[in-house]
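Scope of the values below: all heavy atoms of this structure, side chains included, with no hydrogens, waters or symmetry mates.
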Amino acid sequence: MLTKHITVTNRVATYAQRDGYIICGNSGYKIAFIFDSEWDDKPTKYVRFIWNGQYKDVEITGTECDIPIILGAEYVQVGVCTENPENSTSDTFWSTTPVFIPCSGSVLCTQATRR
């Protein structure tokens, strides 16, 4: 399944474990969010993906976003903010708890030696 599902209630994010894992090195994965009514007046949101000491922020205006290509990770953390976390100065900045989506290595994550 290429769509992962995350529900946000009272700023707590929950990953639908039935959606399984991400196979590293692949594109085509996306996340579908279900937000509680608290988020109704926040049309623009930022999704933060964190893996292997790096992160990527993705702006969304709806309830879905593409997952960036992840390489060499056991898991990726995902959370949502109401504004760009890099430069927010708002008194109404919110963020969710992270969810951990498991990842599995692909052939791109191995260092094979040819003989």
Side-chain angles (χ1 to χ4, degrees):
M1 179 176 288
L2 296 180
T3 301
K4 309 304 178 191
H5 297 85
I6 295 176
T7 302
V8 176
T9 305
N10 295 321
R11 301 181 195 171
V12 175
T14 305
Y15 173 59
Q17 296 293 325
R18 72 179 187 281
D19 290 345
Y21 51 87
I22 294 168
I23 298 174
C24 292
N26 286 286
S27 63
Y29 289 103
K30 69 179 180 176
I31 295 179
F33 293 93
I34 299 173
F35 294 98
D36 64 10
S37 61
E38 177 181 45
W39 296 79
D40 288 350
D41 66 342
K42 304 292 185 186
T44 302
K45 301 165 196 68
Y46 289 81
V47 181
R48 177 163 280 189
F49 297 89
I50 305 170
W51 73 98
N52 292 344
Q54 62 185 334
Y55 68 89
K56 180 170 184 170
D57 294 328
V58 176
E59 181 178 342
I60 62 171
T61 55
T63 59
E64 293 186 353
C65 75
D66 291 333
I67 297 174
I69 295 174
I70 309 293
L71 277 174
E74 292 182 23
Y75 62 87
V76 60
Q77 294 181 61
V78 181
V80 182
C81 302
T82 55
E83 298 173 21
N84 185 336
E86 291 297 316
N87 57 17
S88 177
T89 58
S90 172
D91 290 338
T92 60
F93 180 80
W94 306 336
S95 62
T96 67
T97 60
V99 298
F100 293 77
I101 300 176
C103 299
S104 180
S106 73
V107 69
L108 299 176
C109 299
T110 63
Q111 296 295 326
T113 304
R114 292 183 106 186
R115 293 182 191 224

Close side-chain approach of P98 and F100, heavy atoms under 4.5 Å: yes
Counting N and O atoms only, with roles assigned by atom type, does the side chain of D19 sit under 3.5 Å from a partner on the main chain of H5, one being a donor and the other an acceptor? yes
Interatomic distance, CD1@I22 vs OG@S106, rounded to 0.5 Å, equals 12.0 Å
Check salt bridge (charged side-chain N to carboxylate O under 4.0 Å, His left out) between E38 and all other residues, then give those that pass, not counting sequence neighbours. R11
Does the T97 side chain pair with the main chain of A13, one donor and one acceptor, at a distance under 3.5 Å? yes
Any side-chain heavy atom of T61 within less than 4.5 Å of one from P43? no
For F35, check ring-ring contact (aromatic ring centres under 6.0 Å, His included) against everything at least two apart and list the hits. F33, W39
Roughly how far, to the nearest 0.5 Å, is the NZ atom of K56 from the CZ atom of R48? 13.0 Å
Between L2 and I31, is there shared hydrophobic-cluster membership here, with clusters defined by ILVMFWY side-chain heavy atoms closer than 4.5 Å? yes
Side chains of N10 and D36 in contact at under 4.5 Å (non-hydrogen atoms): yes
What is the minimum heavy-atom distance between G105 and I23, and which atoms define it? O-CG2, 4.3 Å
Could you pull out every donor-acceptor pair under 3.5 Å between side chains of residues 63-78 and any protein atom, sequence neighbours left out?
unit_1	atom_1	unit_2	atom_2	d
E64	OE1	K30	NZ	3.2

Nonpolar side-chain network containing Y55, other nodes, edges under 4.5 Å: I50
Distance check, rounded to the nearest 0.5 Å: F49 atom CZ versus I101 atom CD1? 7.0 Å
Quick one: side-chain contact (heavy atoms from CB on, under 4.5 Å) partners of S104, sequence neighbours excluded? Y21
